[in-house]
Amino acid sequence: MLRGALGAVAVARFGREAMVGAIRATLAAARPAVLAGAAVPDAEAVAAAAMAALERAEQPSLRPVFNLTGVVLHTNLGRAVLAEEAVQAATEAMRSAATLEFSLENGGRGEREDHIRALLCELTGAEDAIAVNNNAAALVLALAALGAGRETVVSRGELIEIGGAFRLPAIMASAGTRLREVGTTNRTHPRDYVEAIGADTALLMKVHTSNFLVQGFTSEVAPAEVAKIARNAGLPMIDDLGSGTLVDLARFGLKRERTVQDAVRDGADLVTFSGDKLLGGPQAGFIIGRRDLVQRCAKHPLKRAMRLDKIRLAALEATLKLYRNPDTLAARLPTLRSLTRPPAEMQEAAMRLAPVLAAWAGCDAAVAPCESQIGSGALPLETLPSFAVRLSGTDALAARLRGLPRPVIGRIQAGALWLDLRCLEDEAAFLANLNAT
Ligand SMILES: *Cc1c(COP(=O)(O)O)cnc(C)c1O
């Protein structure tokens with residue numbers, strides 16, 4: 001089996017030891033059938049099965065997919081797709097030594113934050129800025145640096161859970177600050193904050209209720225007002241924006257979302273937001289705002305445990321630079337490009353792909369209007385009109401699409417499989433992928 005033509009190829013590719021192991025496993029798997037009377041498989045068949053097993057094991061576990069779910073920033077599919085400029089920068093940083101903490105001016109030590117601080121300050125109007133692993137880390141760090149051992153005042157209506165293990169009360173507990181809830185689920189008033197402030201208060205916090213909306217008899221205190229109450233009491237105020245956008249989305253035909261600049265202007269002492277949500281960069285979390293407070297975060301021991309590596313810093317710097325020219329942003333930043341794609345483009349793509357998919361899947365395929373979502377808790381109730389190929393199959397067909405060399409991920413809804421074409425940019429690659437099987 002090792003000496004046959006296939007065996008020799010497999011040994012050259014995977015090594016003798018791995019191939020011997022795969023042959024043993026193949027024979028062991030075949031043994032029950034042979035004992036029950038089936039024919040003994042010939043040597044080449046065993047070698048082929050062993051080699052196929054080794055090839056399967058060689059496939060990476062983390063693989064690129066076609067995200068046709070209709071959720072642009074899909075957390076389970078890795079959120080933002082990076083701009084080509086960011087990919088280039090990250091690749092170069094990976095391939096070589098880099099000026100991560102090195103000053104080219106004086107040949108001495110530099111700071112890793114230097115690569116993004118000036119850019120973030122320029123873009124947001126903040127005095128100072130640092131970046132850490134993600135926004136959850138940014139919050140833990142800011143709360144630990146400013147609120148450990150004392151109370152943080154938050155409205156009951158903002159004690160959110162953002163999927164999985166991210167629950168605000170748990171985050172606060174892990175940062176060592178005591179949660180002081182004020183107001184009620186639907187209504188919080190300025191006096192609720194004022195009355196909660198006491199000797200033990202460390203800070204006031206506002207949290208963007210990313211993934212839900214309270215409607216009806218409601219009232220919340222605007223961030224600018226919470227900032228004012230904090231300032232009057234001589235306390236800092238943190239505004240956690242969650243997604244956080246650096247541009248006015250209305251400019252691109254989307255619903256306006258409060259920007260990071262708005263939060264700085266409204267008087268928050270620190271603002272936290274994510275790198276891989278609406279910003280469209282790699283996973284990261286930012287803490288921007290008043291210099292003395294940002295520096296307290298920067299010098300906290302936890303910062304070291306949350307810091308970014310050269311690869312992500314390179315990608316972040318390149319992504320942030322794209323924001324210097326808002327006119328070209330929608331063309332260069334994939335997140336914004338997907339969010340602003342005109343429905344007619346998806347419709348035309350659906351018309352081209354529906355017959356191909358019908359033939360491939362052996363089922364009905366229709367061009368159907370649908371609604372895409374932004375995802376990652378940004379504008380949760382806002383959907384974007386789009387077009388899908390709607391296939392008359394469900395679980396089995398979804399599994400077949402997942403089995404393609406580059407898995408295709410759709411959405412099952414109303415007894416059909418929907419492939420929302422908003423995020424499909426490379427149609428030729430999609431077709432070649434279908435034809436590969
Ligand atoms: C998403 C989100 C977070 C967590 O951000 P990550 O970057 O995923 O860690 C925190 N706060 C709010 C309001 C969010 O929407």
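Heavy-atom basis, side chains included; hydrogens, waters and symmetry copies ignored. Every number for a ligand or one of its atoms is a count from 1 in the order of the listing. Just so it is clear, the model here is predicted, and its values are computed rather than measured.
For residues 207-229, the set of pairs meeting the salt bridge (charged side-chain N to carboxylate O under 4.0 Å, His left out) definition, not counting sequence neighbours, comprises Lys206-Glu220. Annotation: salt bridge (charged side-chain N to carboxylate O under 4.0 Å, His left out) contacts involving residues 68-91, sequence neighbours excluded, comprise Arg79-Asp276, Glu85-Arg332.
The shortest non-hydrogen separation linking Gly285 to Ala138 is C-CB, 4.2 Å. When every heavy atom of Ala175 is checked against every heavy atom of Val140, the shortest pair comes out as CB-O, 3.6 Å.
Listed by chain and residue number, the protein contacts of ligand 1 are Arg79, Asn134, Asn135, Ala136, Ile160, Ile162, Phe166, His208, Ser210, Asp240, Gly242, Ser274, Lys277 (heavy atom within 4.0 angstrom).
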Can Asp426 and Arg406 be said to form a salt bridge (charged side-chain N to carboxylate O under 4.0 Å, His left out), step by step?
-> CA-CA 12 Å; Asp426 192 345; Arg406 178 159 174 173; over 6 Å; no
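With sequence neighbours left out, Phe273 forms a ring pair (Phe, Tyr, Trp, His ring centres under 6.0 Å) with Phe286.
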